[in-house]
Protein chains: 2
Amino acid sequence: MLCYEVLHAKGYRLTPQRILVLKTIYHADNHISAEEIYEQLHDRFPYINKSTIYRILELLSGLKLVTESNLGDGCIRYHAAIKGHHHHLICRICGKVIDLEESTLGPLKASMLRDYGFDADLRHMVISGVCSDCRSS
Amino acid sequence: MLCYEVLHAKGYRLTPQRILVLKTIYHADNHISAEEIYEQLHDRFPYINKSTIYRILELLSGLKLVTESNLGDGCIRYHAAIKGHHHHLICRICGKVIDLEESTLGPLKASMLRDYGFDADLRHMVISGVCSDCRSS
DNA sequence: GTTGCAAATGCAACTTGTTGCATTTGCAAG
DNA sequence: CTTGCAAATGCAACAAGTTGCATTTGCAAC
Ligand SMILES: [Zn+2]
Ligand SMILES: [Zn+2]
Ligand SMILES: [Zn+2]
Ligand SMILES: [Zn+2]
């Protein structure tokens, strides 16, 4: 897996805990929370500590190996960056989630750069609002 | 203050705690956190309870009397909606904050509506990235 | 001004996430 | 295969935010 090489190249150790967290995020169907990662791993490997999980997630996020997103359920959720980027529209009435291609926000990124010289990090945005079904009723 | 009328019109009681929280947010120079509101109020009115503050903020936010935003310092910060809306670009290198007029994201809002029928709530976005100064160095 | 009662608050226990520090360990060098 | 040591982890205490429930109170009706 490419992630291991990134860690090694930047001088970070390849510990069993880091490998387990990376595998858990990679194999998760959807976006997974720190708590869920901890629960899954602690069942099989009781020696794994909660604070270690949080520190590993902070590291992986800083290295951009995983993306963080706040889907509005009160916790940060993680996603393997290697699986690609995308955005979410979340309906605040019915909770439905619409996924957007990363490229959808290309014009926005370009206008930020042109007007403000600001290189916006738009890899995994979450936008709240009301979906078409809920608007018509 | 208009906020009181909104509360009354929707059938919510006008309690001393709610009035104090509204005044504190309105008179805050910048975006203020729940913890800061609690500290300021608890100094002068020791009977005020922490959980009450959090519940009031949740209510005011739901009624759109205040806007929530995560400026990346680990807590949600609040802003009086009556003072107007805007967006923030935050540089992840130097921490500088660039404020945007609400209208800047008008085209984005329009394209969400046109392409997905989604009425996006873009009143107070926070976008992370790298500012022009930090990019040139 | 009383009264009645649902709404709001205070309290305390709890959950979730963070931090400082002692111990352990990945891994590079010999 | 050892050794050395900075990096990483485990632990326990802590901070921030949430929840259930008993008590209090805003306020509308009389
Ligand atoms: Zn996503
Ligand atoms: Zn909906
Ligand atoms: Zn703001
Ligand atoms: Zn900068």
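Order of the sequence lines fixes the chain letters, A, B, ..., with proteins taken first and strands second; residue numbering starts at 1 for each chain.
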TODO: Taking only the side-chain nitrogens and oxygens of A/Gln17, find out if one of them lies under 4.0 Å from OP1 or OP2 of C/dG26.
DONE: no
Task: Interatomic spacing from CZ in A/Arg92 to CG in B/Asp121 - rounded to 0.5 Å - done: 5.0 Å
- [ ] Could you tell me the separation between the CG atom of A/Leu14 and the C1' atom of C/dT25, rounded to a whole number of Å?
- [x] 13 Å
- [ ] Round to a whole Å and report the spacing from CG of B/Leu57 to C1' of C/dT9.
- [x] 15 Å
Task: Summary of side-chain hydrogen bond (donor to acceptor under 3.5 Å, both in side chains) pairs that have at least one residue in residues 127-137 of chain A, sequence neighbours excluded - done: A/Lys96-A/Asp133
TODO: Quantify the bending of the helix from C/dG1-D/dC30 to C/dG30-D/dC1 as the angle between its end axes, each fitted on five pairs, to 10°.
DONE: 40°
- [ ] Could you identify which residues of residues 6-13 of chain B place a heavy atom less than 4.0 Å from some atom of DNA chain D, listed by residue number, or say none?
- [x] B/His8, B/Arg13
Open item on the list: Just verifying a value: how many Å separate A/Tyr38 OH and A/Leu57 CG, rounded to the nearest 0.5 Å?
Closed with: 13.5 Å
TODO: Any pair with a residue in residues 97-112 of chain A that passes side-chain hydrogen bond (donor to acceptor under 3.5 Å, both in side chains), sequence neighbours left out, goes on the list, sorted by first then second residue, please.
DONE: A/His88-A/Asp99, A/Lys109-A/Asp119
TODO: Please report the shortest heavy-atom distance between B/Ile90 and A/Phe118, naming the atom on each side.
DONE: O-CZ, 3.4 Å
TODO: List the protein contact pattern of nucleotides 11-21 of chain D with one symbol per nucleotide (5' to 3'): B for base contact, S for sugar-phosphate-only contact, - for none; contact means a heavy-atom distance under 4.0 Å.
DONE: B----SBBBB-
Task: With B/Lys50 via side chain to side chain donor-acceptor pair (under 3.5 Å) - residues at least two apart - done: none
